[in-house]
Amino acid sequence: MMAKMGSINGLREKSYDIAKLREIGIIFPLFLFGLIIALRNPYFISWENLRYIFLDASILTIVAIGEMMVILTGGIDLSVGSNLALTGMTVSMIYRDFHNFPVILAPLIGILIGGVCGAINGLFVAKGKVIPIIATLSTMYIFRGIVYIISGGRWVNAHEMPEGYKLLTRVEILGIPILVIYALIVFLFFYYLLNYKAIGRSIYSVGNNPQSAIYIGINKVKVLFLVYLISGILAGLSGVLYTSRFASAESSAAIGFELSAISAVVIGGVKTTGGSGKIGGVVLGALLLTMIVNGLNVMKISPFYKLALQGLMFLIAVIVDSLIAERYYKGRRRRV
């Protein structure tokens, strides 16, 4: 048993050595980009704008952490944007029609609906052995189709939502927006899970070497199902926070959000083939992406450039990921 745990810890330590390099590599462009935009437009570093950045980054961070769990196992979840939209629309319609329904239950309903969506993905991938990109691409369209069916293509507008629902993301505690606190709680929980619990080590092991993970007694099916369930739960929670923050639910909400979440994960240093990455890097990746989008808005630059820049950053992150990993393992072989 000790040999098994030592093997798992060894895999995690190697992964974290590389991840530290990637995290350091994110901080510099974060500050550099902020400085360049601030010199062009001082409003960028005003408290009002920084508040918007942290609020937007909070929702992206929550979804990206769920996406990270999947990518750590070598998979991918393309359905998180549609899951977010479906959950947000369903919960908003409930509160539109039943204003007296306890608002405190909204996040729990979102988690339940999102969890069901995630469990469907988990069953397809873990039990049905469907390739993750195929399984989640299919459910992406299925969930989005359900959104259009239940809503009839109509929005749930701000005046149709009870005030308590909108206040879920609009209050502050000690001057800190509660949406940021939600993201911080999610971050701390999964930081603890990945770093100090056996299931965290199992997730890294499945992504690093699936066959070895099975050999040392890890239930690969259980781990795969769990990470898709987690991804669905966090997307569902984000659906409630998203509609509360923007005080509306629309059928086309969060289209392309899955690409932002995946970009945040990859830019944050999580290896696309699984087994390596740190949750702190994902938070930095989400913050960097949000800063870029916000900075381009402040500079009044065309939204088409945002998409192109996000795609370019994704490509660069993958290339840097490969180069760092290659140099790291070459260095280890030389030392051995």
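Computed from heavy atoms alone, side chains included, the values below leave out hydrogens, waters and symmetry copies.
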**Asked** Does K166 come within less than 4.0 Å of E163, counting only side-chain N to carboxylate O?
**Response** yes

**Fill in**
side-chain hydrogen bond (donor to acceptor under 3.5 Å, both in side chains) test vs N49 passes for just one of N41, N297, N294, namely N294

**Message:** Please tell me whether I113 and L105 are part of a single hydrophobic cluster in this structure, the criterion being side-chain heavy atoms less than 4.5 Å apart.
**Reply:** yes

**Request:** Might you confirm whether atom CD1 of I133 has over 12 heavy atoms from other residues, nucleotides or ligands at distances under 6.0 Å?
**Result:** no

**Prompt:** What's the verdict on side chain to side chain contact (heavy atoms under 4.5 Å, CB included) for L112 and L108, showing C-alpha distance, side-chain angles and the deciding distance?
**Reply:** CA-CA 6 Å; L112 177 62; L108 299 177; over 6 Å; no

**Request:** Examine distances only and state if a side-chain atom of N157 and a backbone atom of E160 form a donor-acceptor pair shorter than 3.5 Å.
**Result:** no

**Message:** If you define the side chain from C-beta out and look only at heavy atoms, does anything of L123 sit under 4.5 Å from Y228?
**Reply:** no

**Message:** So T87 and F143, do their side chains get closer than 4.5 Å, heavy atoms only?
**Reply:** no

**N/O donor-acceptor pair under 3.5 Å between Y182 side chain and T169 backbone** = no

**Within-4.5 Å side-chain heavy-atom neighbours: R245 and D56** = yes

**Item:** Heavy-atom neighbours of Y43 OH exceed 12 at 6.0 Å
**Value:** yes

**Asked** How many angstroms lie between atom CD1 of I120 and atom OG1 of T136, to the nearest 0.5 angstrom?
**Response** 13.0 Å

**Minimal non-hydrogen separation, A249 against G88, with atom names** = CB-O, 4.1 Å

**Request:** Decide yes or no for I230 and L234: does some side-chain heavy atom of the first lie under 4.5 Å from some side-chain heavy atom of the second?
**Result:** yes

**Request:** Check whether more than 12 heavy atoms from other residues, nucleotides or ligands sit under 6.0 Å from atom OH of Y52, and answer yes or no.
**Result:** no

**Prompt:** Is there a chain of hydrophobic side chains (I, L, V, M, F, W, Y, each step under 4.5 Å between heavy atoms) that links V227 to I214?
**Reply:** no

**Prompt:** Distance from L137 atom CG to I76 atom CD1, nearest 0.5 Å?
**Reply:** 10.0 Å

**Check: I71 and E67 side chains under 4.5 Å, non-hydrogen atoms** = yes

**Prompt:** Hey, does I109 have a side-chain heavy atom less than 4.5 Å from the side chain of F101?
**Reply:** yes

**Message:** With rounding to the nearest 0.5 angstrom, report the CG to OG distance, D77 to S231.
**Reply:** 3.5 Å

**Prompt:** Is I104 atom CD1 crowded by more than 12 heavy atoms from other residues, nucleotides or ligands, each under 6.0 Å away?
**Reply:** no

**Message:** Looking at F225, I'd like to know if its CZ atom is crowded, meaning that more than 12 non-hydrogen atoms belonging to other residues, nucleotides or ligands lie closer than 6.0 Å.
**Reply:** yes

**Item:** Flag, side chain of T90 to backbone of L86, donor-acceptor distance under 3.5 Å
**Value:** yes

**Request:** Please step through side chain to side chain contact (heavy atoms under 4.5 Å, CB included) for the pair I255 and R144, ending with a clear verdict.
**Result:** CA-CA 9 Å; I255 287 180; R144 182 67 63 176; 3.6 Å; yes

**Asked** Is there a path of hydrophobic side-chain contacts, each under 4.5 Å between heavy atoms of I, L, V, M, F, W or Y residues, that connects L259 with V80?
**Response** no

**Fill in**
When every non-hydrogen atom of I150 is compared with those of M93, the smallest separation belongs to O-CE, 3.2 Å

**Item:** Derivation of the side chain to side chain contact (heavy atoms under 4.5 Å, CB included) call for S138 and F124
**Value:** CA-CA 10 Å; S138 301; F124 281 144; over 6 Å; no

**Asked** About how many Å separate OG of S79 and CE of M140, when rounded to the nearest 0.5 Å?
**Response** 9.0 Å

**Request:** Verify whether one side chain among S46 and E48 offers a donor that lies under 3.5 Å from an acceptor in the other.
**Result:** no

**Request:** Please report the shortest heavy-atom distance between S205 and I218, naming the atom on each side.
**Result:** CB-CD1, 3.6 Å

**Request:** Could you tell me the separation between the OG1 atom of T61 and the CG atom of L184, rounded to the nearest 0.5 Å?
**Result:** 10.5 Å

**Asked** Can you check side chain to side chain contact (heavy atoms under 4.5 Å, CB included) on F187 and I62, steps first, answer last?
**Response** CA-CA 8 Å; F187 166 75; I62 294 172; over 6 Å; no

**Request:** Might you confirm whether atom CZ of R40 has over 12 heavy atoms from other residues, nucleotides or ligands at distances under 6.0 Å?
**Result:** no

**Item:** Residue I199 excluded, over 12 heavy atoms near CD1 under 6.0 Å
**Value:** yes

**Message:** So, taking the atom named CG in L194 and the one named CG in L72, what distance separates them when rounded to the nearest 0.5 Å?
**Reply:** 6.5 Å

**Complete:** Residues S82 and V147: closest non-hydrogen pair is O-CG2, 4.3 Å

**Main-chain N/O of V206 paired with T73 side-chain donor or acceptor, under 3.5 Å** = no

**Asked** Does Y204 use its side chain to pair, donor to acceptor, with the backbone of G277 at less than 3.5 Å?
**Response** yes

**Closest heavy-atom pair and its distance - P177, E172** = CA-CG, 3.9 Å

**Item:** ILVMFWY network linking V293 to L84, side-chain heavy atoms under 4.5 angstrom
**Value:** no

**Request:** Answer with yes or no whether the side chains of T139 and N121 bring together a donor and an acceptor at under 3.5 Å.
**Result:** yes

**Request:** Would you indicate whether Y148, at its atom OH, is surrounded by more than 12 heavy atoms from other residues, nucleotides or ligands within a distance under 6.0 Å?
**Result:** yes

**Prompt:** Do Y141 and I149 belong to the same hydrophobic cluster, where Ile, Leu, Val, Met, Phe, Trp and Tyr are linked whenever their side-chain heavy atoms lie under 4.5 Å apart, directly or via other members?
**Reply:** no

**Message:** What I'd like to find out is whether the side chain of T243 reaches to under 4.5 Å of the side chain of V91, using heavy atoms alone.
**Reply:** no

**Message:** Side chains of M69 and L193, heavy atoms from C-beta outward: is any pair under 4.5 Å?
**Reply:** yes

**Complete:** Nearest heavy-atom contact between G115 and L229 is O-CD1, 3.3 Å

